[in-house]
2 protein chains.
Amino acid sequence: MSITDLNFDIDRNSQTPMWLQIRDELYNCLHQEILRPGQLIPNEKTLVELFNVSIGTVRKAIGALENEGILIRKQGLGTFVFEHDANSFQFKYFHFVPRNSEETVIPNVELVSFERKKATKSEIEILNLPADNRNVFHIYNKLGFRNKFYIVDKIIISVAKFLSLTEEMYVNRNNTIYNLYQNKFNIFITDCSEKIRTVPANGETAKILGIDIDTPLLRIDRTGYTYHNEIVEIRTSYVHTSDIDYVRPHFSALGE
Amino acid sequence: MSITDLNFDIDRNSQTPMWLQIRDELYNCLHQEILRPGQLIPNEKTLVELFNVSIGTVRKAIGALENEGILIRKQGLGTFVFEHDANSFQFKYFHFVPRNSEETVIPNVELVSFERKKATKSEIEILNLPADNRNVFHIYNKLGFRNKFYIVDKIIISVAKFLSLTEEMYVNRNNTIYNLYQNKFNIFITDCSEKIRTVPANGETAKILGIDIDTPLLRIDRTGYTYHNEIVEIRTSYVHTSDIDYVRPHFSALGE
DNA sequence: TAGTGGTCTAGACCACGTG
DNA sequence: ACGTGGTCTAGACCACTAC
């Protein structure tokens, strides 16, 4: 199935601007994996014919998706579907730097445990688990720099959505976790939100990080969303901020 | 001095796109307060004549500044220079919500102390204080909801830049602090960055918040920037996250 | 050299807010 | 009714990338 085989019917008299209708059509093509991660999408001239509008309108639609971080335009090459990789992880989703430094550092990640569990009530609700499969994966990782670990990460995802996931597959991925979601399970994390507070380290976390029980940690609750704001990942990070800071880079624009 | 009295010379053969040149010219007019907070800027047709380009080019320049949060377009009304107020404070710069809630709450702010001090070496460096005035204001506030205080805020600003600032003026402002900066001192906070870690409460903070010494707190170091990335404010918040969370709303696009 | 997206034009018409 | 920004057109030409 190629996008160029489809027939699109843009309503020229709708309340919704044509560029937004086109943006939504493209968004749905991405959602339905008619356009896949890393893929080159049709050039602007082709889209003009496909949607039967002028090039400025197509460009405005693509520009909107580019601003959302879903498409990437490369002059001289074409427009591509965004693909999660180590680079994007570092700049978009990994927010720690060594204290008194501005550079983000690439962390080492090590699996602690990989389990399949019965979901709690809260997990069922947040992940909107289907009645016929109320199991979740719990994946614990530790992350750090230079042979020292500072972060324990607990990832919760639905078994229904990641049915064929195994510990081996998880360990042997040679890319980021979000890239695994995207390439093996057609699940694309489009954006996240986070909440932060302090908590004392519990016994398990303390042991993993080599610190005392009750050492104050940052607790970061991250919610990962895919298309149409569907929640697909709950992640809780426990962070020992002895030598590192959580960073929120320059912000200003309203919705960020 | 009105912007319409100026002569702009957009270079049609420059490497820099014309829309970006116009964006920069407008940015400088804002920086030099030729265009002031809350002010209506000339309409698009006037700007077309002023810069001698077509309307699409003007619109692209304005769109860039709108994305930066500096201009606000209102259909049917015109385009305005952004002005800090309680609303923008809440949505752009205040990042706390009661636990298990999605709504941001308007906090009450209360002055704890207002002092004029000799700057430390670090303050001189970060705020780039001039040799002839190496003093700073230290302003402590406490913030909370519903008669309980959770946050102690320490603001450090240069006396050189806020020369006429007094405690009375500070207390009697009937708007946000950033609005005061903007309206009385022509200093417009364009954006911020933040770093977060955990720290134990010191005696003073513990007393203000009514908690035990060494209670784990979030420490948030915020740097406030004005035009051309000039640092004008150093703010440190100590947050007792017993009932509230620090929130980072949806993010995805690269620079956010 | 061919193909891509990026810039720019010179309009027309629409939607919104105010008087 | 008027003035504002928002949408849309149908081009031309430029800058970048790959072969």
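Naming: A, B, ... by sequence-line order, numbering from 1 per chain. None of the values given here were measured: they were computed from a predicted structure.
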Open item on the list: With ring pair (Phe, Tyr, Trp, His ring centres under 6.0 Å) as the rule and sequence neighbours excluded, what pairs involving residues 31-50 of chain A come up?
Closed with: A:H31-A:Y227, A:H31-A:H228
Open item on the list: B:K142: which residues meet the side chain to side chain donor-acceptor pair (under 3.5 Å) condition with it, sequence neighbours left out?
Closed with: none
- [ ] Could you check how far CZ of B:R73 sits from C1' of C:dA15, rounded to whole Å?
- [x] 15 Å
Task: Bounds of contact between DNA chain D and chain B, in 5' to 3' order, using a heavy-atom cut-off under 4.0 Å - done: D:dG3 to D:dT7
Open item on the list: Within residues 19-28 of chain B, which residues have any heavy atom lying less than 4.0 Å from an atom of DNA chain D?
Closed with: none
Open item on the list: Judged by each residue's nearest nucleotide on DNA chain C, which is more toward the 5′ side, B:V58 or A:Q15?
Closed with: B:V58
Task: All salt bridge (Lys or Arg N to Asp or Glu O under 4.0 Å) counterparts of A:K60, not counting sequence neighbours - done: none
Task: Partners meeting side chain to side chain donor-acceptor pair (under 3.5 Å) with A:E110 (sequence neighbours left out) - done: none
Validation: residues 182-189 of chain B side-chain donor-acceptor distances under 3.5 Å, sequence neighbours left out:
unit_1	atom_1	unit_2	atom_2	d
B:Q182	OE1	B:H84	N	3.0
B:Q182	NE2	B:F82	O	3.4
B:N183	ND2	B:E83	OE2	3.4
B:N183	ND2	B:N179	OD1	2.9
B:N186	OD1	B:R36	NH2	3.4

Open item on the list: Restricting to side chain to side chain contact (heavy atoms under 4.5 Å, CB included), what partner residues turn up for B:E168, sequence neighbours left out?
Closed with: B:T166, B:N172
- [ ] Only counting residues at least two apart or in another chain, list the ones meeting side chain to side chain donor-acceptor pair (under 3.5 Å) with B:S101.
- [x] none
Open item on the list: Counting only heavy atoms and a strict 4.0 angstrom limit, can you tell me which residues of residues 39-48 of chain B come near DNA chain D?
Closed with: B:N43, B:E44
- [ ] Would you mind listing every ring pair (Phe, Tyr, Trp, His ring centres under 6.0 Å) that reaches into residues 45-75 of chain A, with sequence neighbours excluded?
- [x] A:F8-A:F51
TODO: Please name all residues satisfying salt bridge (Lys or Arg N to Asp or Glu O under 4.0 Å) with B:R235, sequence neighbours left out, ordered by chain then number.
DONE: B:D153, B:E233
Open item on the list: Within the 4.0 Å heavy-atom criterion, would you say A:R12 contacts the bases, only the backbone, or no part of the nucleic acid?
Closed with: sugar-phosphate
- [ ] Would you check if the side chain of B:N43 reaches a backbone N or O of B:K45 as a donor-acceptor pair within less than 3.5 Å?
- [x] yes
